[in-house]
Structure formats: structure tokens, C-alpha cells
Amino acid sequence: MSAGRIATTLYHPKLVLQEFFAGDPRDVSRALLGKILVRRRPLDNLDCKSHSSPFPFDWLAAGRIVEVEAYLGENDPAAHAYPGRTPRNSVLFGPPGHAYVYFIYGTHFCMNISCMPEGEAGCILLRALEPIMGECAMAKARHQDAQQLSNIRARKALASGPGNLCQALAISRERDNGKPVYEAHSDLVVMDDGFVFSEMLVTPRVGITKAADLPLRYAIAGNPFVSGKRTRMNAP
DNA sequence: CAACCGATCACCT
DNA sequence: GGTGATCGGTTGC
């Protein structure tokens, strides 16, 4: 990485455009690793209304995407799109670059980003972020003690795992399902700061029973914010 | 530290 | 009525 690249990284993060998401989920997954998920919460939800802010959002939280899984659509038995279009999964069949958020196990939300051109299903599950901004807001959303955030374990607990990630950024089905992630004024966008990494980890997907052997989980190798215990090699 | 279990709800059969 | 792209606490070796 050159010094020029680093300067770009710091000062000119770019919005990721819709066309980025139009391809095959496996390709988009690999490209999405290292990008930044940015969450802005509108002033309407401000906790301390007495404090006026010149900014259009009361807080900003962001994390680098370090772990994802690809779901391939109607031909993938593990995918929500497998049974074909239903009311629940209709976002997956819509245009690329939209959030597909669903409620699971009665307790958690999971966030995906739709891929493929309109009419074809396919998506990417966001499994873990490395927090890079707004950690205190994330800790509050997670009911964690912000005082402990100097501890690497506490920082990892913020957004490692798909359910935790959604809780940290206050992502819910009600608020976010179907929302585009490529619009400049959205409260949920993906950005590219030019970050590059050297090695990618590829393993089977987590927590599924069908098509459980396909190597469709992608992570930044060695990154300490990847969920689970194995951050290096594949299990047979 | 791995294995297990309960929580708790939307969806589909 | 069964199941699930999870999490975190407890159990037991």
C-alpha cells in the first residue's frame, strides 16, 4: 500500500454505488470485505433533545466489514430465497444493494445486502464488523459498559456475529428492511476508504444444516473481530 | 473450553 | 406445529 493510498483512505471515503452489488454473491462478498458499513441515526431519535447539533444526524457509528457469507438464491438450499419469492423474502428478488433484515430465533435480527439484478435472488449476510467509529453508541445499544472498551474482548463483543452486529447499529426489520444502502443521504450506507488486506479466509457457512459444506463464508484472515473461535482454517 | 439449552417469534407446511 | 443464516449463560469434563 502506497502513502498516497493511505491519504485516500483517511480523507476520501467513497460511497459504494448500487452497481457494486449487482453481481454474483460470491464475487460481491469478496469485494465487500474491508468496506465500511456506516450507520447514522436521525435527529428524531436523539436522546438528549436539549443539545442542538449542526449535523443532520445525532450519532455516527461505523465498522469495517470483516466477515460475510454468500447466499446464492433459489438454487441454494440454505438460502431464504430457496422456496421462491414469498412476502418475507421479496427484498431478495428486488434490485441489488438493498438491506434484507429478518428476525430469527425470537430474539435477533440479521442483515443481508441483496445482490444480482432485479428478478434474481442472492444476498450477502453481514457477520462481523471491526468497530472504527461510534463505539460508545454501539456499546450503549448492546447494553455493554463503555468504560471497558479499551479491552479487546469488549470491542470484539460489539459487532461480532450477525445478531450482535445488528444490535450494535440498531438495525431492525421494521426500520431497515428493504432500505437501499447506496444512497448518500440514507442512514445506512456502505463506503470504500481504499482499505486493502492481504489474505482471505474461506470456510463453510455457520449455523446452517442444508448445503452446509459449501465454502461460502469469507473473512479477513487473522482479523480479531471475526466471529467464532476459528479465524484461520477450515473444518472438514 | 466444549457442549448444551432456553429464549421467543415470524414464517411456511 | 416445527423450525431457524443466534446469543449468552450454565454445565460438566
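Keep in mind the model is a prediction, meaning the values are calculated, not measured. Letters A, B, ... mirror the listed sequences (proteins, then strands); counts begin at 1.
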Just jot down the side chain to side chain donor-acceptor pair (under 3.5 Å) partners of [X], sequence neighbours excluded, or say none.
{"X": "A:Tyr218", "value": "none"}
{"X": "A:Gln167", "value": "A:Arg142"}
{"X": "A:Asn151", "value": "none"}
{"X": "A:Asn177", "value": "none"}

Would you tell me whether A:Thr203 and A:Arg217 have side-chain atoms, one donor and one acceptor, within less than 3.5 Å of each other?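 Distance-only check passes for A:Thr203 and A:Arg217.
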Please enumerate all protein N or O atoms sitting under 3.5 Å from an N or O of nucleotides 5-8 of chain B, with distances to 0.1 Å.
residue : atom : partner  : partner atom : Å
B:dT8   : O2   : A:Tyr105 : O            : 2.6

Which dot-bracket string describes DNA chain B (Watson-Crick N1-N3 plus N6-O4 or O6-N4, or G-U N1-O2 and O6-N3, all under 3.5 Å; [ ] crossing; | other strand)? |||||||.||||.
If a pair satisfies salt bridge (charged side-chain N to carboxylate O under 4.0 Å, His left out) and one of its residues is in residues 121-130 of chain A, list it, with sequence neighbours excluded.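 Sorted pair list: A:Glu67-A:Arg127, A:Glu69-A:Arg127.
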With a strict under 4.0 Å distance from non-hydrogen atoms of chain A, what nucleotide opens and what nucleotide closes the contacted stretch of DNA chain C, reading 5' to 3'?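 Using the under 4.0 Å cut-off, the span is C:dG4 to C:dG8.
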Close residues, residues 114-130 of chain A, relative to DNA chain C [heavy-atom separation under 4.0 Å]: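 DNA chain C contact set from residues 114-130 of chain A: A:Cys123, A:Leu125, A:Arg127.
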Looking at residues 80-102 of chain A, who's got a heavy atom less than 4.0 Å off DNA chain C?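 Contacting residues: A:His80, A:Tyr102.
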A:Met116 vs A:Phe21, side-chain contact (heavy atoms from CB on, under 4.5 Å): CA-CA, chis, key distance, verdict: CA-CA 7 Å; A:Met116 306 291 285; A:Phe21 300 101; over 6 Å; no
Whichever of A:Leu165 and A:Thr209 has its nearest DNA chain C nucleotide further upstream toward 5':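 On the 5' side of the pair lies A:Thr209.
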Answer yes or no for [X] and [Y]: cation-pi contact, defined as NZ/CZ to six-membered ring centre under 6.0 Å and angle to ring axis within 45°.
{"X": "A:Arg175", "Y": "A:Phe109", "result": "no"}
{"X": "A:Arg64", "Y": "A:Phe195", "result": "yes"}
{"X": "A:Arg173", "Y": "A:Tyr102", "result": "no"}

Who are the salt bridge (charged side-chain N to carboxylate O under 4.0 Å, His left out) partners of A:Arg26, not counting sequence neighbours?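 With neighbours one apart ignored, the set is A:Asp24.
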Approximate separation, where rounding is to 0.5 Å, of A:Cys166 SG and A:Ile104 CD1: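 Result: 12.0 Å between the selected atoms.
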Using 30° and 60° as the class boundaries, would you call the ring planes of A:His80 and A:Tyr100 parallel, tilted or perpendicular?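 Aromatic pair A:His80/A:Tyr100 classed perpendicular.
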With A:Ala137 via side chain to side chain contact (heavy atoms under 4.5 Å, CB included) - residues at least two apart: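 Here the qualifying residues are A:Trp59.
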If the C1' atom of C:dG8 is compared with that of B:dA10, how far apart are they to the nearest Å?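 Each nucleotide's C1' atom is 22 Å from the other's.
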Can you tell me, in whole Å, how much space there is between the P of C:dT10 and that of B:dT8?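 Taking atom P in both C:dT10 and B:dT8, they lie 16 Å apart.
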From the options A:Val181, A:Val190, A:Ile36, A:Ile113, select the one residue that forms a side-chain contact (heavy atoms from CB on, under 4.5 Å) with A:Val16.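 The residue from A:Val181, A:Val190, A:Ile36, A:Ile113 that satisfies side-chain contact (heavy atoms from CB on, under 4.5 Å) with A:Val16 turns out to be A:Val190.
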